[in-house]
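Note that the numbering runs from 1 along the sequence shown for the chain.
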Amino acid sequence: MTTASICTIGDEILIGQIVDTNSARISAILGDNGIRCTRILSIGDLHDEIIENIGEELRKNDIVITTGGLGPTKDDITKKALADLSGCTSFTENKEQLSIIHEILHARGLEVLDINRAQAMVPDTCEVIPNRLGTAPIMIFRFDENSGFGHRCTLYSLPGVPFEAMGAMDEVVADIRKHCALTDIYHKTLMTFGMAESALAKMISQWEDALPDDIHLAYLPNMSTGVRLRLSIYGGKKEEEERRISEEFEKLKPMLGDLVYSEEDDNLQNVLGKLLLEKGLTVSTAESCTGGNVAALITSIPGASAYFKGSVVSYATDIKTKVLGVPDEVVERHGVVSMECAEKMAEGVRLLTGSDYSVSTTGIAGPGGGTEENPAGTVWIGVSGPHGTYARKFVFSSDRKRNTERFSANALNMLRLCIINDK
């Protein structure tokens, strides 16, 4: 199987000034084309570090893809390091890239300076894919068995700007396919919500232990989307891999029941939207501690106007009582962070908007405001529908932002379960 390593170059990534989005997207593209990514590495703007680390990745992999360090300024030293790594003796001007540089800068009303022209100068050891979206060309360095890396391997150097890096990937993949014999990689996913990773692993341990040796299971937890279960087969024929993985998941699904909400990479708000559209139902939200985040998630899906009626963000107690109709005696006897209040909030917004279903949240996101009975991280979630109203308590122990995300995700999941279980 063809293997690859992805190396991002630049101090700005290591000091947290920018977030590396290139690696995840490139890795996904490689996987879709039967190339297994074995490592993702970030390297600072140091000449010797670049040479040492990329050289090590070339020894271990068939392909190395670098992004970054190719700008016009003096601190962008990647080109010089790659020239030295490849045994370059001179630089040549790539006419096509120079023409693109002139076009881009003239279109912006800028003068073409010497530092811009220098970007069209490339090592004599590389091939060039012109970068039509920017000024730094894509460079390809090919190494044979006698290069010192122990095998045939190829290095692709891409710009760091995500728009430019992603724009180059079609041609990079085409070049890889031209020079490498690729096999298939197949992944299939089940999305689950409502059970922690450790409990889920215990529940399905016998099924997992019985998996064939060449089928690999990964647990991928996320507080907003639940635990993604991914089965993978590396190598072989895609049709056969797909059949075998589907058979294994069919054995698993009855064990998981309603924990499964999708059989592809997805999220709760999208699945909920499809469910509401399919059944011709509408929904509304009444939110306190989530501050409108549940409504924001629902309406993040295009076409949500077909099923989302509206929301009341009842942060203050008097909005709960005066707008949503929560009785004063409920607040006085049980408090606003209670089952009774969550239920009345859900019923109130459902009546107010005329929706088929509604969901409410009332709790304490933290870090302060907690009590012994309701510590920070406590939320009551209420759901109301044609067959009644109920509420459930959750207690989390994260920071305010994470608690809000967890509250919101559980609200969407409770709403999903209520709809699919209503007869």
*Give the C-alpha distance, both sets of side-chain angles, the deciding distance and a yes or no for side chain to side chain contact (heavy atoms under 4.5 Å, CB included) between Ile54 and Ile9.*
CA-CA 10 Å; Ile54 293 179; Ile9 300 173; 4.0 Å; yes
*Please assess Leu277 against Tyr307 for the test side chain to side chain contact (heavy atoms under 4.5 Å, CB included), listing each intermediate value before the final yes or no.*
CA-CA 7 Å; Leu277 281 174; Tyr307 50 82; 3.7 Å; yes
*Any chance you could lay out the salt bridge (charged side-chain N to carboxylate O under 4.0 Å, His left out) test for Asp266 and Lys274, step after step, and finish with the verdict?*
CA-CA 11 Å; Asp266 214 332; Lys274 292 177 182 177; 3.6 Å; yes
*From CA spacing to verdict: side-chain hydrogen bond (donor to acceptor under 3.5 Å, both in side chains), Asn22, Thr8*: CA-CA 8 Å; Asn22 285 340; Thr8 59; over 6 Å; no
*Assess whether side chain to side chain contact (heavy atoms under 4.5 Å, CB included) is satisfied between Phe143 and Ser86, documenting all intermediate values.*
CA-CA 8 Å; Phe143 303 95; Ser86 62; 4.0 Å; yes
*Could you go step by step and tell me if Val337 and Ile364 meet the side chain to side chain contact (heavy atoms under 4.5 Å, CB included) rule?*
CA-CA 8 Å; Val337 183; Ile364 306 161; 4.1 Å; yes
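Distance alone, capped at 3.5 Å, is enough to place a donor-acceptor pair between the Glu287 side chain and the Gly292 backbone. A distance-only check finds no donor-acceptor pair linking the side chain of Asp11 to the backbone of Gly44 [under 3.5 Å]. Looking at Arg152, its side chain never comes within 3.5 Å of a backbone N or O of Asp144 through a donor-acceptor pair. A donor-acceptor contact shorter than 3.5 Å is absent between the side chain of Ser99 and the backbone of Glu96. In this structure, Asn116 contributes its side chain and Leu113 its backbone to a donor-acceptor pair below 3.5 Å. Put simply, the side chain of Trp207 never gets that close to the backbone of Met255: no donor and acceptor are under 3.5 Å apart. Side chain of Asn413 to main chain of Ala409: no donor-acceptor pair is present (N/O by atom type, distance under 3.5 Å, no hydrogens or angles). Within the 3.5 Å criterion, the main-chain N or O of Gly69 finds a donor-acceptor partner in the side chain of Thr78. Ser360 places a side-chain N or O within donor-acceptor distance of the main-chain N or O of Ala342, the cut-off being under 3.5 Å. Judged purely by atom type and a 3.5 angstrom limit, Asn410 uses its side chain to pair as donor or acceptor with the backbone of Arg406.
The pair Arg416-Asp258 fails the salt-bridge criterion, with no side-chain N (NZ, NE, NH1 or NH2) lying under 4.0 Å from an Asp/Glu carboxylate O.
Considering Leu220, Thr192, Val227 in turn, Val227 is the only one that fulfils the side chain to side chain contact (heavy atoms under 4.5 Å, CB included) rule with Glu197. Exactly one of Glu242, Glu248, Glu263 qualifies for a side chain to side chain contact (heavy atoms under 4.5 Å, CB included) with Lys188. That residue is Glu263. Checked options Leu30, Asp62, Val64; the residue passing with Thr3 is Asp62 (criterion: side chain to side chain contact (heavy atoms under 4.5 Å, CB included)). With respect to Ile138, the side chain to side chain contact (heavy atoms under 4.5 Å, CB included) criterion is satisfied by exactly one of Ser157, Pro130, Pro159: Pro159.
Relative to the ring axis of Phe149, Arg59 does not place its NZ or CZ within 45° and under 6.0 Å from the centre.
Taking 4.5 Å as the limit, every side-chain heavy atom of Leu268 sits out of range of all side-chain heavy atoms of Met191. With contacts defined as side-chain heavy-atom distances shorter than 4.5 Å, the pair Ser358/Val349 qualifies.
More than 12 heavy atoms of other residues, nucleotides or ligands sit less than 6.0 Å from atom CD of Glu145. Atom CZ of Arg402 sits in a sparse spot, with 12 or fewer heavy atoms from other residues, nucleotides or ligands closer than 6.0 Å.
For an aromatic pair to be called close, the ring centres must be under 6.0 Å apart, and Tyr234 with His216 satisfies this.
To the nearest 0.5 Å, atoms CG (Leu231) and OH (Tyr186) are separated by 10.0 Å.
With sequence neighbours left out, the side chain to side chain donor-acceptor pair (under 3.5 Å) criterion links Thr299 to no other residue.
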